[in-house]
S.K.: 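Quick one: the structure is below, questions incoming.
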Amino acid sequence: MDGNANQNLAQFSLRDPSVIAEPWAFYKALHAAGSVWQDPGTGVWLVAGWRLIQEILRDNERFSAVVDRPTLRPGGVPEAVREIQSTSVPSTPTLVGADPPVHDRLRPLVNNVFSAERVESLAPFIGGVIDGLIDKFIADGRCEFVKAFSAPLPLIVIADQLGVDRDQIWKVKEWSDAIIEILGLMGTDESLVSCALKQKEASDFLLGQVRLRRREPVDSILSALANTRDQSGAHLTDSEVVSILTQLMVAGNETTTNTLSAGILYLARDPALQDRVRAASPREMRIFVEEILRAESPVQGHYRRAKVDVVVGGVAIPAGSVIHLRYGAANRDETVFPGADRIDLARTNAPQHLAFGGGIHFCVGAMLARKELTMAFRALLDRLGNLVLDVDEAALERVPSSQHRGLVALPIRFTARS
């Protein structure tokens with residue numbers, strides 16, 4: 001990489017609120033510089049190329065998913081946070097943060113619980129939730145979309161599967177947001193202590209539910225995981241089940257919430273696109289969902305650690321280095337997705353995006369998220385017309401995270417369609 005490229009990239013930081021809000025110029029600069037760059041502030045290597053990331057995701061021999069994330073935060077994690085964590089359910093690497101053979105033991109068991117049949121069986125419930133939420137605000141002609149729809153929809157679905165009463169869904173959101181803030185590596189010491197307490201509260205609740213459902217099984221994802229047995233016939237440990245459920249709780253609402261909000265923002269910006277999607281065939285609606293996932297990437301990336309000295313895109317990276325696979329940049333890779341900044345309902349390779357990761361760590365809840373998104377966008381466009389923003393777009397606030405991309409709020413106006 002030449003000096004000019006390094007200088008150009010040095011102006012960006014993933015902790016900068018302006019880059020979090022609009023990372024696209026940074027991503028273009030990364031691609032122009034060769035798609036591999038070491039952040040001088042953190043020492044972390046960023047990989048932006050779609051093909052390079054795919055190679056790393058499929059190479060579990062040389063790249064590990066086990067990364068000590070707290071060490072990536074400037075100043076590390078406050079001792080008070082570690083003290084709180086020491087009194088909680090022990091942290092156990094399971095899905096996203098585990099390598100084979102641990103991952104290989106657990107993933108098939110979770111796949112069985114998250115089967116296509118189970119997801120399809122949830123469709124009537126999801127449809128009822130969607131219609132019920134729209135019924136509450138449609139007569140008003142306006143709403144704050146995150147609070148009214150994009151947050152509660154996946155919260156209700158995942159909370160139902162975790163044994164949380166519907167009037168407590170915002171407690172799940174509070175827990176999830178706390179974990180997102182911890183993962184985002186941007187919180188203050190004080191906020192991280194508060195988040196750690198909420199994470200402990202979530203873990204304690206889930207552990208109680210696991211023990212309850214081992215005594216009194218019901219038809220839910222939590223109950224199925226609590227009672228599943230591995231290849232040796234043994235139950236998963238309490239910490240393993242809680243770890244898996246925590247990941248499902250966070251991923252099970254954040255991805256859908258942020259993609260729904262992003263999709264409505266795109267539609268409100270562009271009346272012509274709104275008309276095309278409203279008239280879309282089932283196939284085109286599925287492509288629209290994939291295009292929003294690709295263009296926005298609600299999960300902007302995941303970390304890997306080089307187990308050995310490696311060469312990525314012609315760049316030598318030493319063993320032990322932390323590598324950030326920047327899915328958000330890969331999903332705007334023009335060599336794979338021409339016209340990547342555009343939502344294209346004719347894009348034939350739209351599902352090849354990395355919004356759900358890839359390789360053995362591909363998101364286990366992708367089928368459920370796609371089901372929720374497809375059903376929700378169809379219902380919203382069938383029932384709401386003339387969607388527009390109810391605030392200047394410059395006033396929209398982004399969730400402060402280097403890892404996740406979402407809107408804090410999205411005020412919209414619309415007309416009810418007959």
S.K.: Check this for me: K28, atom NZ, are more than 12 non-hydrogen atoms of other residues, nucleotides or ligands nearer than 6.0 Å?
M.R.: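 Incorrect, the count does not exceed 12.
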S.K.: Quickly, which of L95, I179, V242 forms a side chain to side chain contact (heavy atoms under 4.5 Å, CB included) with Q247? Name it, please.
M.R.: L95
S.K.: Are side-chain heavy atoms of V408 and R398 found at a separation under 4.5 Å?
M.R.: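 They are not in side-chain contact.
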S.K.: Specify whether F362 and F356 have parallel, tilted or perpendicular ring planes, treating 30° as the upper limit for parallel and 60° as the lower limit for perpendicular.
M.R.: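 F362 vs F356 ring planes: perpendicular.
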S.K.: Could you walk me through whether S402 and Q300 satisfy the side chain to side chain donor-acceptor pair (under 3.5 Å) test, starting with their C-alpha distance in whole Å, then the side-chain angles of each, then the deciding distance to 0.1 Å, before giving a yes or no?
M.R.: CA-CA 8 Å; S402 63; Q300 286 282 297; over 6 Å; no
S.K.: Any side-chain to backbone donor/acceptor pair from Q403 onto G301? Under 3.5 Å, distance only.
M.R.: yes
S.K.: Can you confirm whether E334 is buried at CD, in the sense that more than 12 heavy atoms of other residues, nucleotides or ligands lie under 6.0 Å from that atom?
M.R.: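 Enclosed: over 12 neighbouring heavy atoms sit under 6.0 Å from CD of E334.
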S.K.: Give a yes or no answer on whether the side chain of E284 reaches the backbone of A346 with a donor-acceptor pair at less than 3.5 Å.
M.R.: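 Answer holds: no.
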S.K.: Within the structure provided, determine whether R283 and R286 are in side-chain contact (heavy-atom separation under 4.5 Å).
M.R.: yes
S.K.: Quick check: does any side chain N or O of T374 sit under 3.5 Å from a backbone N or O of R370, one acting as donor and the other as acceptor?
M.R.: yes
S.K.: Got L248 and V364 here, is their nearest side-chain heavy-atom distance under 4.5 Å?
M.R.: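 In short, these two side chains touch, coming nearer than 4.5 Å.
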S.K.: For the residue pair E254 and S176, confirm or rule out a side-chain donor-acceptor distance under 3.5 Å.
M.R.: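 Yes, side-chain donor-acceptor contact under 3.5 Å.
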S.K.: Can you confirm if the aromatic rings of F137 and F414 lie within a centre distance of less than 6.0 Å?
M.R.: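 Judged by ring-centre distance (under 6.0 Å), F414 and F137 do meet the cut-off.
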S.K.: Look at the side chain of N227 and the backbone N and O of R213, then say whether any donor-acceptor pair between them is shorter than 3.5 Å.
M.R.: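 Yes; judged by distance alone, with no hydrogens or angles, the pair exists.
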S.K.: How far apart are the C-alpha atoms of V277 and L273, what are their side-chain angles, what is the distance that settles it, and do they pass the side chain to side chain contact (heavy atoms under 4.5 Å, CB included) test?
M.R.: CA-CA 6 Å; V277 179; L273 176 64; 3.8 Å; yes
S.K.: Quick one, E240 with T92, criterion side chain to side chain donor-acceptor pair (under 3.5 Å). Give me CA distance, side-chain angles, the key distance, then yes/no.
M.R.: CA-CA 6 Å; E240 286 174 335; T92 303; over 6 Å; no
S.K.: R294 and side-chain hydrogen bond (donor to acceptor under 3.5 Å, both in side chains): which partner among E290, E296, E291?
M.R.: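 That would be E291.
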S.K.: Flag the pair K173 / M249 as yes when at least one side-chain heavy-atom distance between them is below 4.5 Å, and no otherwise.
M.R.: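 Heavy-atom side-chain distance check fails, nothing below 4.5 Å.
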S.K.: Once rounded to the nearest 0.5 Å, what's the spacing between atom CG of L206 and atom CD1 of I244?
M.R.: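 Output value for this atom pair is 11.5 Å.
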S.K.: Please confirm whether K200 makes a cation-pi placement over W175, using NZ or CZ under 6.0 Å from the six-membered ring centre and within 45° of the ring normal.
M.R.: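 No, K200 does not sit over the ring of W175.
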S.K.: Check L133 against A148 and note the closest heavy-atom contact, atom names and distance.
M.R.: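 Where L133 meets A148 most closely, the heavy atoms are CD2-O, 3.9 Å.
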S.K.: In this structure, are over 12 heavy atoms from other groups packed under 6.0 Å from E120 atom CD?
M.R.: no
S.K.: Can you name the nearest heavy-atom pair linking M285 to F377, along with the distance?
M.R.: SD-CB, 3.9 Å
S.K.: Determine whether a donor-acceptor pair (N or O, by modelled atom type, separation under 3.5 Å) exists between the side chain of R417 and the backbone of D382.
M.R.: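 Here the side-chain-to-backbone pair exists.
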S.K.: Measuring only between side-chain heavy atoms, which start at C-beta, is E393 closer than 4.5 Å to L265?
M.R.: yes
S.K.: Short question: side chain of S203, backbone of Q199 - any donor-acceptor pair under 3.5 Å?
M.R.: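 Answer holds: yes.
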S.K.: Measure from the ring center of H361 to the ring center of H302 and say whether it is less than 6.0 Å.
M.R.: no
S.K.: Any side-chain donor paired with an acceptor under 3.5 Å for T335 and R51?
M.R.: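 Distance-only check passes for T335 and R51.
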S.K.: Just to verify, which of V250, V210, L207 counts as forming a side chain to side chain contact (heavy atoms under 4.5 Å, CB included) with L245?
M.R.: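 Going through V250, V210, L207 one by one, the side chain to side chain contact (heavy atoms under 4.5 Å, CB included) with L245 is satisfied by V210 alone.
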S.K.: Can you tell me how far the CG atom of L9 sits from the CG atom of D39, to the nearest 0.5 Å?
M.R.: 9.5 Å
S.K.: Look only at the side chain of Q38 and the backbone of G43, and say whether a donor-acceptor pair between them is shorter than 3.5 Å.
M.R.: yes
S.K.: As an exercise, state the distance from CG of N111 to CE of M367, rounded to the nearest 0.5 Å.
M.R.: 8.0 Å
S.K.: Report the distance from atom CH2 of W50 to atom NE2 of H353, rounding to the nearest 0.5 Å.
M.R.: 11.5 Å
S.K.: Heavy-atom distance under 4.5 Å between the side chains of F149 and C143, does that happen here?
M.R.: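 No, too far: nothing below the 4.5 Å cut-off.
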S.K.: If you measure from CG on L192 to CZ on R82, what distance do you get to the nearest 0.5 Å?
M.R.: 11.0 Å
S.K.: Quick one: CG on D344 to CZ on F288, what's the gap to the nearest 0.5 Å?
M.R.: 12.5 Å
S.K.: Going by heavy atoms in the side chains, are L46 and F26 under 4.5 Å from each other?
M.R.: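 Answer yes - side chains close enough.
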S.K.: Kindly indicate whether the side chain of V193, heavy atoms from C-beta on, has any atom under 4.5 Å from the side chain of E79.
M.R.: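 Counting from C-beta outward, V193 and E79 never come under 4.5 Å.
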S.K.: L52 and G34: which non-hydrogen atoms are nearest, and at how many Å?
M.R.: CD1-O, 4.5 Å
S.K.: Locate the shortest heavy-atom distance separating P23 from R405; write the atom from each residue and the value.
M.R.: CD-NH1, 3.6 Å
S.K.: Any sub-3.5 Å donor-acceptor pair from R326's side-chain atoms to I53's backbone N or O?
M.R.: no
S.K.: Report yes or no: does Q168 contribute a side-chain atom to a donor-acceptor pair with the main-chain N or O of K171 at less than 3.5 Å?
M.R.: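 Between the backbone of K171 and the side chain of Q168 there is no qualifying donor-acceptor contact (under 3.5 Å).
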S.K.: Looking only at non-hydrogen atoms, find the nearest pair between H404 and V299 and report the distance.
M.R.: CD2-CG2, 4.0 Å
S.K.: Run the side chain to side chain donor-acceptor pair (under 3.5 Å) test on S401 and E181 for me, step by step, so that the C-alpha distance in whole Å, both residues' side-chain angles and the decisive distance to 0.1 Å come before the verdict.
M.R.: CA-CA 7 Å; S401 174; E181 184 168 343; over 6 Å; no
S.K.: Report the C-alpha distance between R118 and D219 in whole Å, list the side-chain angles of each, state the deciding distance to 0.1 Å, and finish with yes or no for salt bridge (Lys or Arg N to Asp or Glu O under 4.0 Å).
M.R.: CA-CA 10 Å; R118 179 180 290 275; D219 183 18; 3.4 Å; yes
S.K.: Work out which heavy atom in A65 is nearest to a heavy atom in D99; give both atom names and the distance.
M.R.: N-OD1, 2.8 Å
S.K.: I would like to know whether D160 and R166 meet salt bridge (Lys or Arg N to Asp or Glu O under 4.0 Å); could you show each step before the answer?
M.R.: CA-CA 7 Å; D160 182 73; R166 190 170 295 196; 5.9 Å; no
S.K.: Donor-acceptor check, side chain of T228 to backbone of L225, threshold 3.5 angstrom: yes or no?
M.R.: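 Pair absent, no side-chain N/O of T228 close to backbone of L225.
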S.K.: I would like to know whether R383 and D135 meet salt bridge (Lys or Arg N to Asp or Glu O under 4.0 Å); could you show each step before the answer?
M.R.: CA-CA 10 Å; R383 299 186 64 184; D135 287 344; 2.6 Å; yes
S.K.: Walk me through whether T256 and T259 qualify under side chain to side chain donor-acceptor pair (under 3.5 Å).
M.R.: CA-CA 5 Å; T256 302; T259 307; over 6 Å; no
